[in-house]
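Below you'll find the structure, written out as structure tokens, and then a few comments.
Just so it is clear, the values below take in all heavy atoms, side chains as well, and ignore hydrogens, waters and symmetry mates. Quick note: residue numbers are just sequence positions, from 1.
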Amino acid sequence: MRYSSRLSLVLKKRSCNRPFSSNVDDAVPSFYVAATRQHAGKTTVSLALMSGLQKKFNKVGFIKPIGEKSTVIHENGIDVAVDKDAVLFKEHFQMDHVPWRSVSPVIIPPGYTRDYLDNKITLDLQKEKLKEAYNDIASRSDMILCEGTGNCAVGSIVDASNADIAAWLGIPMVLVVNGGLGRSIDELTLNLTLCEVHNVPVAGVIVNQVQPEKFEQTMHYFKLAMQRKWPDIPVLGAVPDKQFLGCPALSELEVLLKGNLLTGREHALRHYRVRRDLQLVADSLESFLQELRHQRAVIDDGQQRRTLFVCHASRNDILLGFLMEAQQNYEHSPRWQASLLMTGCADYPLSDQLTDFVITMPKAPPVLITPFQTDESLELMYGYTAKLNAEDRHRVDAAIHHYEPYIDFDLLMERITILKQKNYK
């Protein structure tokens, strides 16, 4: 069922009185997604929301009001700085009806905060950019999803927090909270308080990354706490954690480690579970080769095995052994998916002769080199949170497929309608 006609009847009755200096288009239903903490999975939830909304509305618009990490898009002869999440949404969902200039109206690069505090950038300028972008998307869409940056307070230093922007636009908030009890409720309390201070209505909460083995217990007590503290705010969905979605790809590790993927570029989107798939190589070449052959035997028996071996750049014997053994493994076991990370290449660079041999080797497995030492590399990888991006379509599709069924879209639309009606009175 399409919701646009029913909601438009409600929304068009709204008063023109807005916090902006001039009116914001309120004839189109919309809501704002923010998290209660960093790495709560807000973008992943937003992807699932967008997928579900596209099944209910003809044209769904997207806007990332404030962006930080951006890329440059060439549009109508002009270079436009666009937040990377906005690129992901616009490209993945083929939103050709909205222009690049509007999906990411305000970018905060290094130095922006100082310029704002020095009055080189004004609050009115930020508001005007957001208003123009929002109205442009509203004129082209039947529904708008606004994705914030981080928790409700992020952006406060430039007076444009997620709570501020939702208040300016006059739209309800959907909060993404990390699965759990004590800490999750604490974080939710802080963010709901900020929404209340800014008079931002909250449509509901989506609980993310709930431990599957404790799903029923966690959600029973989480909903019990919600009913006692905020009986009018529903849980719109609860999503069990899926480990694969948090696994970085080799292409991400290449950037993280400031490295160079010498070979296996075609496998750059191969994912590894950092805490399970990493294996340090510190013993003899003979022992290492025995391990490789054991893994091939395991795979031949039908078991899945994917290992990211880590060794120091001084171990040329491990590199050559890995490459030679890989040739046989690829020939006899196509499902063999090992890669090799060589650390310390700043102090022990590979010789030009060895590098040429590696990069010209046919069907070579992925070999990633990094200037960081082994302990530094491990610390970076263990502390890294994988992010979805437009190039990794497989993981984006997997995330949407996993998340979307756990979200109650009918309840979400009902809440948006109710909150809008309350604001008219």
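The shortest distance between side-chain heavy atoms of Leu261 and Pro366 falls below 4.5 Å. The side-chain heavy atoms of Leu341 and Leu253, taken from C-beta on, include no pair separated by under 4.5 Å. Residues Thr113 and Tyr116 form no side-chain contact, since every pair of their non-hydrogen atoms from C-beta on lies 4.5 Å or further apart. The closest side-chain heavy-atom distance from Phe89 to Leu47 is below 4.5 Å. Within the 4.5 Å cutoff, the side chain of Leu269 has heavy atoms near those of the Ser251 side chain. The shortest distance between side-chain heavy atoms of Gln279 and Gln295 falls below 4.5 Å. Inter-residue side-chain proximity for Thr370 and Leu256 is flagged as unmet; no heavy-atom pair is nearer than 4.5 Å. Side-chain contact between Lys127 and Thr122 is absent, with no heavy atoms from C-beta onward closer than 4.5 Å.
Nearest heavy-atom pair, Pro365 versus Ala338, reported as atom, atom and distance to 0.1 Å: CB-O, 4.1 Å.
Heavy-atom neighbours of Glu75 CD from other residues, nucleotides or ligands within 6.0 Å: above the threshold of 12. Residue Glu376 qualifies as enclosed at atom CD: its count of foreign heavy atoms under 6.0 Å is above 12. Around atom CD of Gln94, no more than 12 heavy atoms belonging to other residues, nucleotides or ligands sit under 6.0 Å away. Around the CD atom of Glu213, the shell of radius 6.0 Å holds more than 12 heavy atoms that belong to other residues, nucleotides or ligands. Within a 6.0 Å sphere centred on CZ of Arg276, other residues, nucleotides and ligands contribute 12 heavy atoms or fewer. Crowding of Ile359 atom CD1: a count of heavy atoms from other residues, nucleotides or ligands under 6.0 Å exceeding 12.
Between the side chains of Gln126 and Asp159, no donor N or O sits under 3.5 Å from an acceptor N or O. Counting only N and O atoms by type, the side chains of Asn178 and His39 include no donor and acceptor under 3.5 Å apart. With no hydrogens or angles considered, a side-chain donor-acceptor pair links Tyr272 and Ser339 at under 3.5 Å.
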Margin query: Run Lys56 and Asp142 through salt bridge (charged side-chain N to carboxylate O under 4.0 Å, His left out) and show every step you take.
Written below: CA-CA 10 Å; Lys56 297 179 179 294; Asp142 304 313; over 6 Å; no
Margin query: Let's go through Ile206 and Val33 carefully: what are the C-alpha distance in whole Å and the side-chain angles of both, what is the deciding distance for side chain to side chain contact (heavy atoms under 4.5 Å, CB included) to 0.1 Å, and is it a yes or a no?
Written below: CA-CA 10 Å; Ile206 296 177; Val33 182; over 6 Å; no
Margin query: Would Asp186 and Leu190 count as a side chain to side chain contact (heavy atoms under 4.5 Å, CB included) here? Give the steps.
Written below: CA-CA 7 Å; Asp186 293 346; Leu190 290 172; over 6 Å; no
Next item on the list: For the pair Arg101 and Asp136, evaluate side chain to side chain contact (heavy atoms under 4.5 Å, CB included) and give the outcome as yes or no after the intermediate values.
Entry: CA-CA 10 Å; Arg101 67 177 185 276; Asp136 184 31; 3.6 Å; yes
Next item on the list: Report the C-alpha distance between Ser70 and Lys84 in whole Å, list the side-chain angles of each, state the deciding distance to 0.1 Å, and finish with yes or no for side chain to side chain contact (heavy atoms under 4.5 Å, CB included).
Entry: CA-CA 5 Å; Ser70 65; Lys84 290 186 176 181; 5.8 Å; no
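Taking the ring axis of Trp100 as reference, the NZ or CZ atom of Lys90 stays within 45° of it and closer than 6.0 Å to the ring centre.
Put simply, the side chain of Ser184 never gets that close to the backbone of Val177: no donor and acceptor are under 3.5 Å apart. Between the side chain of Arg415 and the backbone N or O of Val174, no donor-acceptor pair lies under 3.5 Å. The main-chain N or O of Asp277 is never found under 3.5 Å from a side-chain atom of Arg306 such that the two would form a donor-acceptor pair. Panel note: side chain Lys64, backbone Gly148; a donor-acceptor pair is recorded below 3.5 Å. The main-chain N or O of Lys120 is never found under 3.5 Å from a side-chain atom of Asp115 such that the two would form a donor-acceptor pair. His198 places no side-chain N or O within donor-acceptor distance of the main-chain N or O of Ile165, the cut-off being under 3.5 Å. Of the possible polar contacts, none joining the Ser102 side chain to the Pro99 backbone as a donor-acceptor pair under 3.5 Å is found. Between the side chain of Asn191 and the main chain of Cys152, a donor-acceptor pair closer than 3.5 Å is present.
A distance of 5.5 Å separates SG of Cys146 from OH of Tyr134, quoted to the nearest 0.5 Å. Expressed to the nearest 0.5 Å, how far CD1 of Ile369 lies from CG of Leu262 amounts to 4.0 Å. A distance of 8.0 Å separates OG in Ser377 from CG in Asp375, rounded to the nearest 0.5 Å. From Leu236, atom CG reaches atom CG of Asp410 across 11.5 Å, with rounding to the nearest 0.5 Å. Going from atom CG of Leu53 over to atom CD1 of Ile144 covers 11.5 Å, rounded to the nearest 0.5 Å. Taking CE of Met381 as the reference point, atom CG of Leu308 lies at 6.0 Å (rounded to 0.5 Å).
Between Phe215 and Tyr406, the ring planes lie tilted relative to each other; the angle falls in the 30° to 60° range. In this structure, His312 and Tyr348 have perpendicular ring planes: the angle between them is above 60°, well past the 30° mark.
Salt-bridge formation is detected for the pair Glu254/Arg265: a Lys NZ or Arg NE/NH1/NH2 atom is positioned less than 4.0 Å from an Asp or Glu carboxylate oxygen. A salt bridge does not link Asp241 to Lys214: none of the charged side-chain nitrogens sits closer than 4.0 Å to a carboxylate oxygen.
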